[in-house]
There are 2 protein chains.
Amino acid sequence: MKNREGGFLISKVKQISGRIFDKKLKSYDITDLNSAQGRIIFVLWKKNNQSISDLATNTALSKTTLSSMLNRLEQAGHINRAFDKNDKRKTIISLTEKSKLLKRKYEDVSNEMIDLFYEGLSDKQIDEFEHALKHILNNLISFEGKQK
Amino acid sequence: MKNREGGFLISKVKQISGRIFDKKLKSYDITDLNSAQGRIIFVLWKKNNQSISDLATNTALSKTTLSSMLNRLEQAGHINRAFDKNDKRKTIISLTEKSKLLKRKYEDVSNEMIDLFYEGLSDKQIDEFEHALKHILNNLISFEGKQK
DNA sequence: AAAAAATAATTCTATATAGAACTAATATTA
DNA sequence: TAATATTAGTTCTATATAGAATTATTTTTT
């Protein structure tokens, strides 16, 4: 069997791109949001008003991680917490105007990042790469789901 | 232009696979090593006796991260620190017998993980995927190198 | 050779991350 | 309906991660 090292490669890509993304955010004067927080805001841009469990699913972070990160995002004025009237256990997270205004700039950074990421790969290669990534992600999600 | 989200997908894959890997390690009775520490030991299995800067390069972690992680790995008896005789600034990290003995078991977990990761993809797809990953990693490495 | 620059590692501080244990609320079962 | 199980969030604790500042050593420049 071949010597595979996808997981190791992914870890390295994640590590370096996080550091680069953080620097790019600062160079665009986004100083009160880092890349990890950006991931959360990003899924809220896609769909506002999500419960914390929804966010856990959509960011792939644990609920406990979100709990503390949302505290900081709330403190910094990026998100609000509200109660769900139909289910008192739930907390609904929504974006503030402040974070809505960040969207354009953040997307510029994202695009710069994506350009760097995929430099030298053809559209076809990128398509196939992201297709494989989604496949892998689904493998992992369904495995983790089964574990419970 | 197409809507790319490779970075976001990679973050999610990294997050979930880390959690799964940690559970698998425990289920194989590897209780004194987690997946993050395993990454460091893994590059030392490939090549023993590396300086911390070398490890930073080969793991894609920052030197400060390594500094504290190596403390814990040393404490747990997995690695040793030694001075470089030719260059007194350098610290050479080597594996202990204990961590050498872990290798077989750790590889079993890795293989199980790789199987899960790539389930449903053909050899050709995996080859192309890892090829693209390496390409992306090189893009990031050379960019981060230029920054300095 | 002395001064300046670069390199290696550490410490300090802040944030990110997640498991275990907990509380409150809702859903399911007997 | 009462008892039980499940679900949603939080807190607590430990580890992971990295930037800034610092010290020691080596290399480069003048």
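Keep in mind that what you see is a predicted model, and the values were worked out from it rather than measured.
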| message | Check the orientation of A/Y118 and A/F129. Use parallel for under 30°, tilted for 30 to 60°, and perpendicular for over 60°. | response | perpendicular
| said: Using a heavy-atom cut-off of 4.0 Å across all strands, would you classify B/L61 as base, sugar-phosphate, or nothing? | reply: sugar-phosphate
| query | At what distance, to the nearest 0.5 angstrom, does CG of B/L73 lie from CD1 of B/I41? | reply | 5.0 Å
| request: Indicate whether OP1 or OP2 belonging to D/dA8 is found under 4.0 Å from a side-chain N or O atom of A/R81. | output: no
| remark: From CD of A/E144 across to C1' of C/dT17 the rounded distance in Å is 13 Å
| request: Verify the distance criterion only: is there a donor paired with an acceptor across the side chains of B/N71 and B/R81 at less than 3.5 Å? | output: yes
| task | Let me know the distance between CG of A/D84 and C1' of D/dT7, rounded to the nearest Å. | result | 13 Å
| Between B/D87 and A/N71, who's closer to the 5' end of DNA chain D by nearest nucleotide? | A/N71
| request: Classify the side chain of A/S67 versus the base of D/dG9 as yes if they form a donor-acceptor pair under 3.5 Å and no if they do not. | output: no
| said: Should the side chain of B/K63 and the base of C/dA9 be counted as holding a donor-acceptor pair, with the cut-off at 3.5 Å? | reply: yes
| request: Using whole Å, report how far CG of A/L73 lies from C1' of C/dA14. | output: 15 Å
| said: Under 4.0 Å, counting only non-hydrogen atoms across every strand here, what does B/S62 touch: a base, just sugar-phosphate, or nothing? | reply: base
| message | Quick check on C/dA24: is either OP1 or OP2 less than 4.0 Å from any side-chain nitrogen or oxygen of A/R89? | response | no
| query | How do B/D22 and B/S68 order along DNA chain C: which one's closest nucleotide is nearer the 5' end? | reply | B/S68
| said: From CG of A/N86 over to C1' of C/dA27, roughly how many Å is that when rounded to an integer? | reply: 15 Å
| query | 5'-most contact on DNA chain C: B/D54 or A/R72, nearest heavy atom basis? | reply | B/D54
| field | Any side-chain donor near an acceptor of the partner, B/N48 and B/S94, under 3.5 Å | value | no
| task | Grab the CD1-C1' distance between B/I20 and C/dA18 for me, whole Å please. | result | 14 Å
| said: Tell me the interatomic distance from A/K12, atom NZ, to D/dA16, atom P, rounded to whole angstroms. | reply: 19 Å
| query | Touch check for B/K88, heavy atoms < 4.0 angstrom, all strands: base, sugar-phosphate only, or nothing? | reply | sugar-phosphate
| query | In this structure, are over 12 heavy atoms from other groups packed under 6.0 Å from A/K88 atom NZ? | reply | no
| query | For C/dT15, does either OP1 or OP2 sit under 4.0 Å from a side-chain N or O belonging to A/N34? | reply | no
| said: If you compare every side-chain N and O of B/T64 against the phosphate oxygens of C/dC12 (OP1, OP2), does one of them come in below 4.0 Å? | reply: no
| query | Do any side-chain nitrogens or oxygens of B/Q15 fall under 4.0 Å of OP1 or OP2 in C/dA16? | reply | no
| task | Would you indicate whether B/F83, at its atom CZ, is surrounded by more than 12 heavy atoms from other residues, nucleotides or ligands within a distance under 6.0 Å? | result | no
| Between the two ends of the helix from C/dA1-D/dT30 to C/dA30-D/dT1, what is the bend in degrees, rounded to 10 degrees, where each end axis spans five pairs? | 30°
| Where each residue is assigned the nucleotide of DNA chain D containing its nearest heavy atom, which of A/K26 and B/Q37 is assigned the position nearer the 5′ end? | B/Q37
| request: Establish, with yes or no, whether the OP1 or OP2 oxygen of C/dT17 is under 4.0 angstrom from a side-chain nitrogen or oxygen of A/R39. | output: yes
| Donor + acceptor pair across side chains of A/S62, A/T64 (<3.5 Å) | yes
| said: Check this for me, if you would: do B/D54 and B/K90 make a salt bridge, where the nitrogen-to-carboxylate-oxygen distance has to be below 4.0 angstrom? | reply: no
| said: Mind checking if A/S51 touches a base, just sugar-phosphate, or nothing, with heavy atoms under 4.0 Å? | reply: sugar-phosphate
| Which pair of heavy atoms, one from B/E5 and one from A/E130, lies closest together, and at what distance? | N-OE2, 3.1 Å
| request: Output the single nucleotide from D/dG9, C/dA8, C/dT17 whose closest atom is nearest the side chain of A/T65. | output: C/dT17
| Could you give the CZ-to-P distance, from B/F83 to C/dA9, as a whole number of Å? | 11 Å
| task | Round to a whole Å and report the spacing from CE of A/M69 to P of D/dG9. | result | 17 Å
